[in-house]
Amino acid sequence: MITTLHIKNIGIIEDITVDLRQGLNVLTGETGAGKTLIIDSLQIISGGRFSKEMIRKGENQSFVELCMYEPEHENAIDGNIIISREINLNGRNMCKINGRMVTVNELKEFMSQFIEIHGQNDNQNLLENKMHLNYLDNFIGETILNQKKQYVKLYDKYCKIKQELKVNFGDEKERQRKLDLLQYQIKEIEEAKLKINEEETLEEKRKIMLNSEKITENLVEADKLISENGIDSISMAIRALEKIENMDCKYEKASSELKSIYYELQELARDVNSYKNDTEFDEEERDFVEERLQLIYSLKRKYGNTIEEILNYKEDIKDEIEHIENLDEYNENLRKEQKEVEEQMKLLADNMHKIRTENAKILSERINKELQELEMKNAQINVKVMYLNNEYLKTGKNNVIFYIATNKGEEEKELSKIASGGEMSRTMLAIKKVLADTDKMPILIFDEIDTGISGKAANSVANKLKTIANTHQVMCISHLPNIAAMADYNYFISKEVYEDRTKTQIRLLQEKEVIEEIARISAGEINEVSLKYANELRNKKAS
């Protein structure tokens, strides 16, 4: 339950803190005093949407914080959970659960465990068809819950087998698809006839091709310089040294060394001359190198970063094909087990369908009885249980959707199609009344649930709220004296002008003040007659 709510800079709310209690908490007060802003603040702290226009004029941020006492929840610290949300004019959100920062979506998911807000436009769980099956099953109770536990165990096993078959290619189509893919990959790699270091050789050749004109030009120049200048000059130098080599051994040595250089230079000249032939390529050869490199690049993108990795991948594929082809016997046993589990699931699912169908009628009747008392005499709820022939869900083979026709002769529609917020709130109240003992949502908030009702219907709404409050913390904004009189705790919301600024105030009323507030609501003023009526209403609550 919510123990403390703190709101700052929301609309005309400057800074208020209110302590709430278990039971029926009714909020009343002047029109425009900020009652709806309190519900808006609870929507914000529950992860709802926020408009920066809601930030109090002149302020840069709004802040909502609440403390819940949920001693059995895993996130509780000393039984308490503290949630806060700060919103700035620039749109920046800061959400925290027990001091830990979370996203708005995480906050919304977390708070959906604790708070339901039912107002003119907020009956989220009621509008979600996926919740309707839970409503029905909670109404049925242990009879269905025990079977659901058995079914869920089988369902988990069934899903595990399906996943294992998928991984093992136990599905014949999946298996054949994988084998076809692997065999195609092997064929593609083998047809390429790749060789280690081939890419490097081709890259070098391609580089020469791209620069062949420049290479040829410089080789011709080098060949000319070596032949015409280098060799001829060295030959003349040798002849000069030969004329004096017998005069001193050092001249003879120099002549010998120069002759060695001469022969080496001749060999180098032949090499340079032959290099010119390596730069001559025809178009066919150029195309081959380009196409071959493109093929290697393509295979690298698919199967590895190098030719060696591609060839290793091919060997891995061969091993995988052998593995898949040897899984037949194991997968066949899995398929048999899957069939057995599916047969057990179907028996349980069919039985749950029967139980749900029978109890859906009873639930519909009880809700319709509550609607009658809430002055929705022509409304008819129809809890429909649909059977899914070719599908297994975690909850069985059923979809459950609540349908309603609000007037005689009208076609029934899904609850989400109800146009009137007042009808939606009373419909939810009727459902919550029937499910009060089984509904696990701890905090229920009703905004303007008394719209458009009075008299007997008002008494009925008040009594139902009180019944629900026996097992839930209920907050209700109301204009009806009947509901205010039934409250366990009454809060009065007012506004005052201070230094030319309007701000909201809230306070818990004492019993004498409660009587006066009931009198004010019932007659518009406090007088002897309205006080007498207020005391009568309050005495009914006590009795």
Side-chain angles (χ1 to χ4, degrees), residues 1-2 20-27 39 42-43 46 111-141 359-360 362-376 379-383 400-404 406 414-416 418 420-453 457-478 480 482-483 486-489:
M1 71 169 185
I2 299 172
L20 298 166
R21 294 165 173 78
Q22 186 67 28
L24 179 57
N25 299 267
V26 175
L27 284 65
I39 302 299
L42 287 165
Q43 289 172 332
S46 298
M111 294 301 289
S112 67
Q113 306 172 65
F114 303 101
I115 296 178
E116 273 188 9
I117 299 175
H118 308 294
Q120 300 297 304
N121 300 303
D122 301 284
N123 288 277
Q124 295 175 356
N125 286 342
L126 182 60
L127 300 183
E128 291 183 13
N129 291 344
K130 65 182 182 181
M131 296 298 297
H132 294 173
L133 186 139
N134 289 335
Y135 282 141
L136 177 58
D137 284 355
N138 287 339
F139 172 73
I140 297 168
N359 282 273
I362 299 170
L363 178 57
S364 298
E365 290 171 359
R366 293 194 183 178
I367 296 173
N368 287 330
K369 182 181 178 183
E370 298 293 335
L371 290 174
Q372 292 280 317
E373 295 176 4
L374 290 169
E375 291 302 303
M376 293 179 68
Q380 286 290 313
I381 282 277
N382 183 10
V383 181
V400 175
I401 300 178
F402 285 28
Y403 284 80
I404 187 169
T406 53
E414 294 180 22
L415 284 181
S416 58
I418 297 178
S420 165
E423 288 178 336
M424 179 64 78
S425 293
R426 277 182 279 167
T427 301
M428 173 50 74
L429 181 59
I431 293 171
K432 288 294 180 182
K433 169 62 169 59
V434 174
L435 301 176
D437 293 333
T438 58
D439 186 16
K440 295 179 174 60
M441 188 65 64
I443 304 161
L444 301 176
I445 299 167
F446 294 93
D447 181 21
E448 308 286 356
I449 197 171
D450 50 19
T451 301
I453 63 171
N459 286 328
S460 182
V461 168
N463 288 327
K464 294 183 195 313
L465 285 171
K466 179 60 179 172
T467 301
I468 294 170
N470 290 332
T471 52
H472 303 71
Q473 183 185 41
V474 177
M475 284 182 64
C476 178
I477 289 179
S478 180
L480 286 179
N482 314 61
I483 294 176
M486 195 61 69
D488 297 307
Y489 304 97

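Note: hydrogens, waters and symmetry copies are ignored here, and every other heavy atom, side chains too, is used. For the single chain, residues carry numbers from 1 onward in sequence order.
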Undergrad: Does the side chain of E373 come within less than 4.5 Å of N463's, by heavy atoms?
TA: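 A side-chain contact under 4.5 Å is absent here.
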Undergrad: With side-chain contact (heavy atoms from CB on, under 4.5 Å) as the test, would you mind laying out the steps for D488 and R21 before giving the verdict?
TA: CA-CA 9 Å; D488 297 307; R21 294 165 173 78; over 6 Å; no
Undergrad: Identify which one of H472, E116, E370 satisfies the side-chain hydrogen bond (donor to acceptor under 3.5 Å, both in side chains) criterion when paired with K432.
TA: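 Exactly one pass, corresponding to E116.
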Undergrad: Rounded at 0.5 Å granularity, tell me how far CD1 in I477 sits from CG in L27.
TA: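 Answer for the CD1-CG pair, I477 versus L27, is 5.5 Å.
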Undergrad: Decide yes or no for I431 and F402: does some side-chain heavy atom of the first lie under 4.5 Å from some side-chain heavy atom of the second?
TA: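 Result yes, sub-4.5 Å side-chain heavy-atom pair found.
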Undergrad: Going through the distances and angles, do V400 and Y135 end up as a side-chain contact (heavy atoms from CB on, under 4.5 Å)?
TA: CA-CA 9 Å; V400 175; Y135 282 141; over 6 Å; no
Undergrad: Should I115 and I445 count as side-chain neighbours, where that means a heavy-atom distance under 4.5 Å?
TA: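 I115 vs I445: side chains touch.
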Undergrad: For a quick test of reading the model, state the closest non-hydrogen atom pair linking F114 to M441 and the distance between them.
TA: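 Minimum heavy-atom separation between F114 and M441: C-SD, 3.3 Å.
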Undergrad: Within this structure, what is the OG1-CD distance for the pair T471 and Q22, rounded to the nearest 0.5 Å?
TA: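 Atom-to-atom, T471:OG1 and Q22:CD are 8.5 Å apart.
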Undergrad: Between CE of M486 and CG of N459, what distance do you get to the nearest 0.5 Å?
TA: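 Reported value, rounded in 0.5 Å steps: 7.5 Å.
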Undergrad: Minimum heavy-atom separation for V474 and F446, please, with both atom names.
TA: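 Nearest pair, atom of V474 first, then F446: CG1-CD1, 3.9 Å.
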Undergrad: Can you tell me how far CG of L435 sits from CZ of R366, rounded to the nearest 0.5 angstrom?
TA: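 It comes to 10.0 Å.
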Undergrad: Could you measure the distance from the CG atom of D447 to the CD atom of Q43? Nearest 0.5 Å is fine.
TA: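 One gets 7.5 Å once the value is rounded to the nearest 0.5 Å.
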Undergrad: For the pair I2 and L42, evaluate side-chain contact (heavy atoms from CB on, under 4.5 Å) and give the outcome as yes or no after the intermediate values.
TA: CA-CA 11 Å; I2 299 172; L42 287 165; 4.0 Å; yes
Undergrad: Taking the side chain as every heavy atom from C-beta outward, state whether L136 and L363 have any atom pair closer than 4.5 Å.
TA: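 The answer is yes; the side chains approach within 4.5 Å.
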Undergrad: What pair of heavy atoms forms the shortest contact from L371 to A379, and how long is it?
TA: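 So the minimum-distance heavy-atom pair works out to CD1-CB, 4.1 Å.
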Undergrad: Please give me the minimum heavy-atom distance between L480 and A458, naming the atom from each residue.
TA: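 Nearest heavy atoms, L480 then A458: CD1-CB, 3.6 Å.
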Undergrad: Using the side-chain contact (heavy atoms from CB on, under 4.5 Å) rule, take M475 and I443 through it: C-alpha gap first, then chi angles, then the decisive distance, then the call.
TA: CA-CA 8 Å; M475 284 182 64; I443 304 161; 5.6 Å; no
Undergrad: Provide the closest heavy-atom pair for A487 versus V26 in the form atom of the first, atom of the second, distance.
TA: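 That would be CB-CG2, 3.3 Å.
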Undergrad: What's the spacing between S460 OG and K433 NZ if we round to 0.5 Å?
TA: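 Going from the OG atom of S460 to the NZ atom of K433 covers 8.5 Å.
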Undergrad: State, yes or no, whether a side-chain contact exists between T406 and T427 at a heavy-atom distance under 4.5 Å.
TA: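 T406 vs T427: side chains apart.
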Undergrad: When you compare the side chain of V383 with that of H132, does any pair of heavy atoms fall below 4.5 Å?
TA: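 Not in contact.
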Undergrad: Looking at N482 and A462, what are the two nearest heavy atoms and their distance?
TA: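 Closest pair (atom of N482, atom of A462, distance): O-CB, 3.5 Å.
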Undergrad: Is the shortest heavy-atom distance from the side chain of I468 to the side chain of L444 under 4.5 Å?
TA: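 They are in contact (side-chain heavy atoms under 4.5 Å apart), so the answer is yes.
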Undergrad: Compare all side-chain heavy atoms of I483 with those of K466 and state whether any distance is below 4.5 angstrom.
TA: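 The answer is no, as the side chains (C-beta and beyond) never meet within the 4.5 Å cut-off.
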